[in-house]
A.B. asks: 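First the structure, then my questions, so here it is.
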Amino acid sequence: MTSFRRFSVAISLLLFSNSTTAAWQYTTWQMSPEDVKNAAPNAVYQLSDAEQTAKSDASSPVRALLRSAHKSGDLDFTAYFSFDTRTNHLSMVTLELIDTQMAQRTLNELTKKYGEPVEQKSGVFSSAVWHSGNDQIVYFNLNNERITISYFQRIEETLDNDGL
């Protein structure tokens, strides 16, 4: 299994904690898509079927359903909201950096906010992981072409025997 695929599987597996506290910005893990729409300060849009497929892992019951613009200082993102299809609860928020030339700045800002991360580099991707309360934050950089920050519920158990 490739490192990228193992990373994707690890992210999918991390989504199944029962904790309901915390989350990202104005969201909590128990929110439905309607709750997220109602709580959001910016317009929230339903993803098309093609967008849902592109932004979701087919092997996971978690599906990206919504998107919204998000700004943090001078960093611009598209926020994607993913929900567990079994419970209809928010499971993950992924921020996709619009200007990928701001990748290092984004990583620096996250480190200022959450402290030193656990980092991993492998070929064309790098990642950094932080824990904040019951949440886990993962910065993922794919060859400086796609930079994402994912927020999801933290779990403590080991995911596989390959070191993830």
A.B. asks: Does atom OH of Tyr45 have more than 12 heavy-atom neighbours, drawn from other residues, nucleotides or ligands, at distances under 6.0 Å?
C.D. replies: no
A.B. asks: Mind checking the OG-CG spacing from Ser150 to Leu95? Nearest 0.5 Å is all I need.
C.D. replies: 8.0 Å
A.B. asks: Is the closest side-chain heavy-atom distance between Arg105 and Asp74 below 4.5 Å?
C.D. replies: yes
A.B. asks: Find out whether Phe152 and Ser82 are in side-chain contact, i.e. whether some heavy atom of one side chain is under 4.5 Å from a heavy atom of the other.
C.D. replies: no
A.B. asks: Using the test salt bridge (Lys or Arg N to Asp or Glu O under 4.0 Å), find all partners of Asp49 that sit at least two apart in sequence or belong to another chain.
C.D. replies: none
A.B. asks: Linking I/L/V/M/F/W/Y whenever any side-chain heavy atoms sit under 4.5 Å apart, do Phe83 and Trp24 land together?
C.D. replies: yes
A.B. asks: Start with the C-alpha distance between Glu96 and Arg67, add both sets of side-chain angles, then the distance that settles side-chain contact (heavy atoms from CB on, under 4.5 Å), and finish with yes or no.
C.D. replies: CA-CA 10 Å; Glu96 194 168 297; Arg67 71 174 164 77; over 6 Å; no
A.B. asks: Could you check Phe77 against Thr148 for side-chain contact (heavy atoms from CB on, under 4.5 Å), going step by step and ending with a plain yes or no?
C.D. replies: CA-CA 9 Å; Phe77 301 90; Thr148 61; over 6 Å; no
A.B. asks: Check Val62 against Ser56 and note the closest heavy-atom contact, atom names and distance.
C.D. replies: O-CB, 4.1 Å
A.B. asks: Between Thr85 and Pro61 (side chain of the first, backbone of the second, donor and acceptor by atom type, cut-off under 3.5 Å), is there such a pair?
C.D. replies: yes
A.B. asks: Ignoring hydrogens, what is the shortest heavy-atom contact between Tyr139 and Ala103? Give both atom names and the distance.
C.D. replies: OH-O, 3.2 Å
A.B. asks: Once you round to the nearest 0.5 Å, how far does CG of Leu142 lie from CZ of Phe125?
C.D. replies: 8.5 Å
A.B. asks: Following the transitive rule for hydrophobic clusters with a side-chain heavy-atom cut-off under 4.5 Å over Ile, Leu, Val, Met, Phe, Trp and Tyr, establish whether Tyr151 and Tyr26 coincide in one cluster.
C.D. replies: yes
A.B. asks: Using distance alone, with no hydrogens and no angle criterion, decide if Asp35 and Ser32 have a side-chain donor and acceptor under 3.5 Å apart.
C.D. replies: yes
A.B. asks: If you round to the nearest 0.5 Å, how far is OG1 of Thr100 from CG of Asn144?
C.D. replies: 7.0 Å
A.B. asks: Nearest 0.5 Å please: distance from the CD1 atom of Ile149 over to the OG atom of Ser127.
C.D. replies: 13.0 Å
A.B. asks: Would a 4.5 Å heavy-atom cut-off, applied to side chains only, mark Thr78 and Ile98 as touching?
C.D. replies: yes
A.B. asks: Applying side chain to side chain contact (heavy atoms under 4.5 Å, CB included) between Pro33 and each of Val44, Leu65, Asn38, report the one that passes.
C.D. replies: Leu65
A.B. asks: Distance only, no hydrogens: is a donor on one side chain within 3.5 Å (strictly under) of an acceptor on the other, for Asp135 and Trp29?
C.D. replies: yes
A.B. asks: May I ask you to test the Gln52-Gln46 pair for a side-chain heavy-atom distance under 4.5 Å?
C.D. replies: yes
A.B. asks: Report yes or no: does Ser68 contribute a side-chain atom to a donor-acceptor pair with the main-chain N or O of Ala43 at less than 3.5 Å?
C.D. replies: yes
A.B. asks: Between CZ of Arg63 and CG of Asp84, what distance do you get to the nearest 0.5 Å?
C.D. replies: 13.0 Å
A.B. asks: Between Val129 and Gln136, does the side-chain contact (heavy atoms from CB on, under 4.5 Å) criterion hold? Intermediate values first, please.
C.D. replies: CA-CA 7 Å; Val129 178; Gln136 185 157 324; 3.5 Å; yes
A.B. asks: Taking atom CG of Asn141 and atom NZ of Lys121, what is their separation to the nearest 0.5 Å?
C.D. replies: 9.0 Å
A.B. asks: Tell me, with the steps shown, if Leu107 and Glu119 meet side-chain contact (heavy atoms from CB on, under 4.5 Å).
C.D. replies: CA-CA 11 Å; Leu107 182 59; Glu119 294 186 80; 4.2 Å; yes
A.B. asks: Go through it in stages, so that I can follow the logic: the residues are Glu109 and Lys113, the test is salt bridge (charged side-chain N to carboxylate O under 4.0 Å, His left out), and I'd like the CA-CA distance, side-chain angles, deciding distance and then a yes or no.
C.D. replies: CA-CA 6 Å; Glu109 291 298 320; Lys113 182 171 184 171; over 6 Å; no
A.B. asks: Are Tyr80 and Leu75 co-members of a hydrophobic cluster defined by side-chain heavy atoms under 4.5 Å apart?
C.D. replies: no
A.B. asks: Consider only side-chain heavy atoms of I, L, V, M, F, W and Y, link residues closer than 4.5 Å, and tell whether Leu47 and Leu90 are in one cluster.
C.D. replies: no
